[in-house]
Amino acid sequence: METKSKIEPLAQPLKEKILNEINEQVMKCYQCGKCAAGCPLSGEMDYTPNQILRLLQIGEPTCDDEVLRSYGIWLCLTCDTCHSRCPQEVDFPHIMDFLRSEAIKRKKVHPKAKEIIAFHRSFLESIEKTGRLSEVGLIASYKLKTFNLLQDVDLAPKMFAKGKLEIFPHRIKGRQAIARIFEKAMKEAHND
Amino acid sequence: MTKIGYFPGCSLNGTAKEYDLSLKAIARFADVELVELNDWNCCGATAAHSLNSTLAVALPARNLAIAERMGFDEILVPCAACYSRLAQALYEIKSDEKYRTKIPQLIEMEIKGTANPITVLDFINKYVLDKIKDKLTNKLNAKFACYYGCLLTRPEHLSTIERREDPLVMEQIVKLAGGIAIDWAFKVECCGAGLSVVRTDIVGKLCAKIVDDASSRGADAIVVACPMCHSNLDMRRSEINKNLSTDNKIPAIYITQLLGLALGIEPNKLGFDKHFVPADNFIQKLQKQTVEV
Amino acid sequence: MARIGVFVCHCGENISSTVDCAKVAEIASNYPGVVYSIDYKYMCSDPGQNLIKEAIQKHKLTGVVVAACSPRMHEPTFRKATAEAGLNPYLCEMANLREHCSWVHYREDTTTEKAAELVRVLVEKVKHNEELYPIKVPITKTALVIGGGIGGIQAALDIANSGHKVIMVEKNPSIGGKMAQLSETFPTLDCSQCILTPRMVEVAQHPNITLYTYAEIESVDGFIGNFKVTIRQKAKSVDHKACTGCGLCIEKCPIKKIPDEFNAGLGNRAAIYVPFPQAVPNKPVIDRNNCTYFLKGKCGLCKKVCPADAIHYEQEDELIKVDVGAIVAATGFDIKHSDFFPEYGYGKYPDVIDGLQFERLASASGPTLGVLKRPSDGKEPESIVFIACAGSRDPAKGIPYCSKICCMYTAKHAMLFKHKNHHGKATVFYMDIRAGGKMYDEFVRRAIEEDDVNYIRGRVSRIYEKNGKLIVCGVDTLLNSRPVEIEADMVVLATAAIANSDSEELAQKLHISYDPYHFFSEAHPKLRPVETNTAGIMLAGACQAPKDIPDTVSQASGTAAKVVALFSQDELTREPLIAYVNNNTCVGCFLCQSVCPYLAIEKEEIRRRDGTLVKTVAKINPGLCQGCGTCVALCRSKSIDIHGYTNRQIYAEVSALFNRREYAGV
């Protein structure tokens with residue numbers, strides 16, 4: 001039959017997924033580097049924004065893998081400086097959001113990024129439980145997750161003294177509604 | 001008295017209490033009642049959109065729906081980060097068919113997209129300035145570096161600010177309040193925002209550039225309109241000063257505190273006592289004419 | 001009885017990939033009146049044309065339908081073949097299967113069906129075609145050149161030296177254009193003015209050239225060989241015949257702080273001024289928008305001091321009507337200024353300048369007499385950053401195209417700086433170096449290798465000022481995309497080249513097309529690069545697209561050759577596809593006359609033999625009529641028709657569609 005004479009199709013490159021799912025075109029990037037020039041964190045990143053786009057453009061599985069395992073995608077602050085100055089109007093922060101969730105989904109998270117994810121998770125847990133962010137709860141949960149027990153210990157008493165730390169979290173009435181939002185949104189992410 | 005919806009966000013209940021205090025104080029002068037949204041929830045912040053795009057729209061959307069139920073077409077969102085999330089959610093719901101059908105199911109509420117988040121700067125320009133300009137008793141004889149950061153100026157589709165690379169709207173407010181707004185180079189640079197806890201070192205580096213540029217150009221204070229910017233510039237000052245190898249004491253104050261001072265409100269009622277970097281020196285520079293509120 | 005031949009072209013695969021051409025030929029063979037029908041791979045080829053010629057003779061065809069590409073492309077080809085076979089060429093029609101069908105549809109049965117329908121329509125039309133004969137019109141052998149930059153100058157001189165008259169119109173007080181503002185030129189570094197000014201003088205002194213400076217095009221009517229142009233000579237307020245050019249008026253003028261256009265705003269001029277020392281004509285004009293006499297009715301100093309009594313405040317704009325046979329648009333370009341760039345400070349830093357400003361600073365005739373001094377404080381810079389692609393290749397800023405000249409002039413700027421300051425630091429931020437051209441890449445290499453210009457591959461994200469220095473935040477994409485910050489004393493932006501702000505207006509006056517960026521469109525991007533789609537109007541230089549001097553001069557000479565070729569004939573043959581009036585039915589209402597955009601309708605008196613007037617009817621001037629059909633649509637008594645597109649022909653086409661067999665039963 002006809003299909004047998006054809007060569008096995010290649011795995012879908014990430015760039016196609018990015019185009020299909022969030023409608024961003026990585027092929028637009030022409031490597032001028034203006035994003036890296038303006039990014040407040042490009043000096044800290046293993047791959048700068050344009051380099052991440054370059055890897056995605058190549059579309060080889062090894063390159064996609066490098067992107068998902070990079071630390072840079074976790075450092076991005078979503079400050080949007082790159083996007084707002086990009087001559088090709090590539091919405092890089094939007095792509096970054098996609099890459100982060102994809103890295104988690106495929107379990108390819110950079111080891112150093114685990115702390116950042118732990119923080120984000122603690123943050124979301126706090127909202128899931130109470131509907132709002134409890135700073136005490138957040139820090140406690142984050143410390144348990146990362147064992148960074150000594151971090152910011154000097155800050156807490158001072159904040160408390162200035163009335164900036166609420167020991168008991170405010171619990172909103174619609175906690176159950178919030179929990180249901182979480183449940184549905186998480187299920188959806190799983191099914192993708 | 002005008003009534004508008006008010007979404008304080010988690011920060012204004014915690015680390016940014018002085019923002020809440022001072023905002024309410026000037027709202028009283030401007031004859032505006034800020035009606036807190038019933039049982040509002042956290043916008044999800046960076047955490048939600050970093051990990052789960054649906055959550056990033058659903059969490060703020062619930063607040064938009066609450067505001068609609070309460071009959072508000074405007075919601076004051078003083079936190080620039082919360083503003084960004086609420087405005088983005090509204091944008092997604094309006095422009096993306098997928099969210100338009102999905103979100104009501106998630107939040108179990110109807111949402112039409114009629115409640116519009118507004119920033120504190122838009123609020124001041126629209127509701128406050130005209131009402132208070134005859135009540136500005138205290139001349140702010142000091143130099144201010146107006147700091148916008150990211151989320152008031154970017155992304156373009158959510159920003160209401162003109163000249164986004166070199167905005168002047170806060171400067172105009174400062175001038176109207178009798179202060180001197182300096183020209184400086186870091187008004188729209190990023191403070192490090194959400195990395196405050198996990199990578200304090202990075203926040204220290206980024207904020208050091210901001211603090212250094214403002215003070216080297218002779219500013220007496222940095223004026224902000226975002227609690228994230230404020231907490232990084234204020235609470236992280238020791239980390240910042242490690243980078244600068246100096247003991248930089250330039251205070252970061254909220255635009256609402258500045259207007260409060262210009263209105264002659266007592267500094268403590270504006271929450272100046274809650275700052276890590278005290279604003280005493282700078283407040284003493286101002287003529288003292290306090291009134292009771 | 002009609003004997004029609006149908007010739008279906010595959011156009012390689014352009015048509016045959018979505019249309020079954022053999023099927024179309026087969027269907028067409030059954031149309032009433034069709035006696036011969038065939039398909040062929042390339043109908044425009046010699047064998048293809050022979051196919052048509054042989055069929056005309058063998059089958060005694062009375063009409064030909066070629067179903068192929070757009071008639072714009074090959075109608076002349078097939079009509080010529082038809083004529084060679086002895087048939088009147090206007091009995092040949094084309095069905096556009098390519099643009100109207102195969103290119104815009106997928107391969108489906110309906111696509112082939114549509115193609116067959118298109119053929120049917122033309123078969124029905126051609127049955128009503130009449131033999132037509134070309135019209136001959138005389139040619140006015142004078143050319144109008146709009147714009148007195150190097151493009152206009154070259155075209156004017158070439159045409160004038162061929163023995164034809166030229167009228168040159170320049171909107172500024174002097175000719176010379178952008179080239180006069182340049183310091184040195186790449187890739188030879190010869191002085192721009194030194195090579196340009198002899199040409200400017202030649203224009204002024206040429207017996208065949210009439211020069212109008214400080215003048216603009218008011219209106220253009222007519223057609224190739226016979227344009228009627230009105231020129232607005234703006235009031236100079238100075239009688240140039242009487243003026244001796246002594247300059248006393250300029251010296252005494254009290255208004256001296258007007259930003260000088262010639263120096264790109266870096267110097268000042270008076271309200272009465274000559275733009276630059278080598279100006280042609282070297283006589284002043286009064287800038288009425290800034291002159292105290294014109295603003296307040298007082299002053300009059302220039303008139304008082306003028307020894308030749310040449311100042312005439314009462315002078316008014318003058319409208320000059322000229323007849324020309326060809327028009328050359330050579331209106332040049334403009335550039336974006338530094339205020340266009342939010343991230344580079346919205347123009348708030350005086351030491352962030354554009355390329356033209358750098359030219360003036362580097363020029364011996366410039367505001368600093370050729371010493372590079374920065375605008376803010378007049379200090380000589382030690383470190384200059386040059387930024388290529390400032391605005392160009394930037395879709396976000398609305399300019400996706402390459403401005404073409406910037407790579408070369410940026411290398412030149414960096415070199416000029418290094419030649420003036422050997423120890424200075426020159427840095428160029430670039431994306432790509434586009435140095436295609438004779439001795440161009442060698443020139444860029446010289447800047448890098450001999451003059452030690454530091455080329456950094458990456459774009460600049462922002463510029464800010466700190467302690468009197470400009471901090472340029474860029475990136476080195478060749479060094480792992482490392483962010484770089486360079487302290488500069490001056491920054492030169494190679495800003496995008498753009499069309500003139502009034503180019504759209506001029507294009508509309510000339511009835512020529514322009515692209516989305518308001519550059520004038522050439523008739524064909526490869527094969528007719530100097531002509532426009534409007535016959536008789538040609539292009540020279542950067543009004544068509546950004547161009548450097550050699551390209552501009554080449555194109556100008558090419559344009560001149562086109563004009564001279566046109567002028568080599570005494571008469572022009574025109575397509576006879578124009579309107580004609582049926583005198584018997586015309587009621588003489590002259591509604592047609594009031595709507596004709598080409599003023600081609602005249603009145604004609606119909607008299608008896610004894611001289612008594614029967615009636616007055618409309619008459620078409622065949623020299624002016626463009627065959628647009630407006631009069632046909634409006635004629636109440638249906639007395640006007642157009643040759644080649646008669647009402648009868650159009651109705652035949654329409655009813656061919658309505659009388660499809662499928663529709664008949666419904």
Side-chain angles (χ1 to χ4, degrees), chain A residues 19 23-58 63 66-67 69-96 99 110, chain C residues 336 340-346 385 387-403 406-407 410 427-434 455-464 470-486 488 491 493-496:
Chain A
L19 184 63
N23 199 25
E24 298 294 342
Q25 224 180 320
V26 302
M27 292 316 285
K28 274 189 153 188
C29 172
Y30 55 28
Q31 292 298 319
C32 71
K34 203 173 183 179
C35 47
C39 176
L41 291 185
S42 58
E44 311 277 337
M45 290 174 171
D46 46 359
Y47 294 101
T48 59
N50 58 313
Q51 291 176 326
I52 286 179
L53 288 168
R54 182 72 199 121
L55 285 165
L56 290 172
Q57 285 176 340
I58 295 169
C63 298
E66 262 181 273
V67 167
R69 291 182 195 282
S70 74
Y71 185 46
I73 62 173
W74 295 100
L75 279 182
C76 169
L77 289 158
T78 326
C79 74
D80 205 61
T81 307
C82 52
H83 174 215
S84 78
R85 291 180 186 151
C86 175
Q88 291 286 74
E89 297 173 280
V90 177
D91 190 344
F92 191 66
H94 197 189
I95 296 174
M96 283 295 212
L99 293 175
H110 189 279
Chain C
K336 283 284 180 197
F340 181 65
F341 301 90
E343 69 276 40
Y344 303 156
Y346 292 98
V385 168
I387 301 178
C389 286
S392 308
R393 303 172 70 197
D394 194 333
K397 287 189 162 52
I399 307 172
Y401 58 83
C402 164
S403 291
C406 328
C407 284
T410 294
T427 311
V428 174
F429 281 97
Y430 74 101
M431 283 210 291
D432 300 287
I433 300 173
R434 297 186 167 172
Y455 269 69
I456 301 180
R457 199 208 164 277
R459 231 170 174 157
V460 170
S461 178
R462 80 165 177 136
I463 299 169
Y464 64 94
L470 292 161
I471 313 296
V472 180
C473 307
V475 64
D476 192 335
T477 59
L478 301 183
L479 264 184
N480 207 19
S481 288
R482 175 190 295 176
V484 282
E485 278 193 9
I486 296 189
V491 175
L493 306 177
T495 58

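All chains are named by letter (A, B, ...) in the order of the sequence lines, taking the proteins before the strands, and each is independently numbered beginning at 1.
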- Message: Given 3.5 Å as the limit, does a donor-acceptor pair link the side chain of A:Tyr30 with the main chain of C:Met431, or not?
- Response: no

- With sequence neighbours excluded, residues passing salt bridge (Lys or Arg N to Asp or Glu O under 4.0 Å) with A:Glu24: none

- Message: So C:Glu343 and A:Lys34, do their side chains get closer than 4.5 Å, heavy atoms only?
- Response: yes

- Counting heavy-atom pairs under 4.5 Å to chain A, which of C:Pro395, C:Cys389, C:Gly474, C:Gly458 comes out on top? C:Pro395

- Nearest-0.5 Å distance that lies between atom OH in C:Tyr344 and atom CZ in A:Arg85: 9.0 Å

- Using a heavy-atom cutoff of under 4.5 Å, enumerate the residues of residues 75-83 of chain A that contact chain C, numbered in order, or state 'none'. none

- Message: Shorter than 4.5 Å, heavy atoms on both sides: which option in A:Cys32, A:Gly33, A:Gly38 has the most such pairs with chain C?
- Response: A:Cys32

- Could you tell me which portion of C:Asp476 (side chain, backbone, both or neither) has an atom closer than 4.5 angstrom to a non-hydrogen atom of chain A? neither

- Rounded to the nearest 0.5 Å, what separation is found between the CZ atom of C:Arg482 and the OG atom of A:Ser42? 11.5 Å

- Message: How close do C:Ala396 and A:Cys86 get, counting heavy atoms only, and between which atoms?
- Response: CB-O, 3.4 Å

- Query: Considering only heavy atoms, which portion of C:Thr477 lies under 4.5 Å from any heavy atom of chain A: side chain, backbone, both, or neither?
  - Reply: side chain

- What's the shortest heavy-atom distance between A:Ala37 and C:Arg459, and which atoms? CB-O, 3.6 Å

- Choice from A:Ala36, A:Pro49, A:Ser84 maximising heavy atom contacts with chain C below 4.5 Å: A:Ala36

